[in-house]
Amino acid sequence: MTYPYHTAYIGMGSNLADPIGQLKDAIHALTTLHGCELIACSSLYASKPMGPQDQPDYVNAVACLKTELKPLTLLKELQQIEQIQGRQRNGQRWGPRTLDLDILLIDQEQINTPELQVPHYGMQSREFVLYPLQEIAPDLQLPCGKLLSELVANCPANGLTAIVAADQVWQPAR
Ligand code: ROI
């Protein structure tokens with residue numbers, strides 16, 4: 001990893017076609033991205049669907065990457081992983097999906113372009129983002145100044161349940 005590098009947090013979600021396998025495969029794919037190094041990964045969590053309730057529960061997790069890629073290049077790489085893993089959507093807004101990889105945060109950057117908004121617009125109120133993020137970055141502060149711990153304290157867990165422990169998903173090289 002050449003300097004300067006960035007620290008990026010990636011939100012992952014799936015509720016179709018073996019969601020646990022989807023997330024495990026995505027985490028493996030993150031370890032193979034050029035110009036990136038996987039630093040941490042949360043446990044996998046089962047979560048109630050946000051949006052239409054007539055869809056399966058989701059599996060969610062958050063990963064931390066060190067990356068020398070520019071934000072839009074990182075976005076394209078993540079979209080390619082989604083495509084390789086057969087991303088399908090049924091067209092319904094907030095409907096089920098095989099794999100979502102969202103850039104949540106990049107350092108303390110604020111990005112507002114049509115292709116990419118960072119911090120991710122929904123992250124402050126989504127238990128399936130905040131709790132896994134807190135697992136790997138308990139002291140995090142958002143660019144707006146809010147502490148992650150405060151956001152978590154104000155966000156009901158809504159049944160969120162850890163289903164695969166972090167060390168069963170990925171282990172740092174030693
Ligand atoms: N709901 C949950 N629980 N987890 C997700 O990752 C998720 N992703 C989405 C919508 C449809 C908003 N609902 C979700 O895109």
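None of these values were measured; they are calculated from a predicted model.
For the pair Q79 and L75, the minimum side-chain heavy-atom distance is below 4.5 Å. For the pair S149 and Q134, the minimum side-chain heavy-atom distance is below 4.5 Å.
The cationic atom of R126 (NZ for Lys, CZ for Arg) does not lie both less than 6.0 Å from the six-membered ring centre of Y58 and within 45° of the ring axis.
Scored by the side chain to side chain donor-acceptor pair (under 3.5 Å) test, K66 finds no partners at all (sequence neighbours excluded). S14 meets the side chain to side chain donor-acceptor pair (under 3.5 Å) test with no other residue; sequence neighbours excluded. Evaluation of the salt bridge (charged side-chain N to carboxylate O under 4.0 Å, His left out) rule for K48 yields D57 as partners, not counting sequence neighbours. In this view, A46 and I163 satisfy the side-chain contact (heavy atoms from CB on, under 4.5 Å) rule, not counting sequence neighbours. Scanning for side chain to side chain donor-acceptor pair (under 3.5 Å) contacts around S43 gives E135, with sequence neighbours left out. Q92 is linked by a side chain to side chain donor-acceptor pair (under 3.5 Å) to N90, counting only residues two or more places apart in sequence or in another chain. Residues passing the side-chain contact (heavy atoms from CB on, under 4.5 Å) test with Q108, sequence neighbours excluded: P143. Residues passing the side-chain contact (heavy atoms from CB on, under 4.5 Å) test with T113 are I111, E115, L116, sequence neighbours excluded. Considering only residues two or more places apart in sequence or on other chains, Q141 meets the side-chain contact (heavy atoms from CB on, under 4.5 Å) condition with L147.
With Q55 contributing its side chain and P52 its backbone, the two residues share a donor-acceptor pair below 3.5 Å. Not a single donor-acceptor pair under 3.5 Å links the side chain of Q168 to the backbone N or O of V164. In this structure, E109 contributes its side chain and P71 its backbone to no donor-acceptor pair below 3.5 Å.
Both Y131 and M50 are assigned to one and the same hydrophobic cluster, defined by single-linkage of ILVMFWY side chains at heavy-atom distances under 4.5 Å.
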For residues 99-107, which side-chain N or O atoms pair as donor and acceptor with protein atoms under 3.5 Å away, sequence neighbours left out?
from	atom 1	to	atom 2	distance (Å)
D100	OD1	R87	NH1	2.9
D100	OD1	R87	NH2	3.2
D100	OD2	R97	NH1	2.9
D107	OD1	T7	N	2.8
D107	OD2	H6	ND1	2.8

Do any side-chain atoms of residues 16-26 form donor-acceptor pairs under 3.5 angstrom with protein atoms, and if so which ones, sequence neighbours left out?
from	atom 1	to	atom 2	distance (Å)
D18	OD1	G21	N	3.1
Q22	OE1	Q85	NE2	2.9
Q22	NE2	A17	O	3.1

For residues 153-161, please give each side-chain donor-acceptor pair under 3.5 Å, one per line with the distance, not counting sequence neighbours.
from	atom 1	to	atom 2	distance (Å)
N154	ND2	E150	O	2.9
N158	ND2	E127	OE2	3.3
T161	OG1	G159	O	2.8

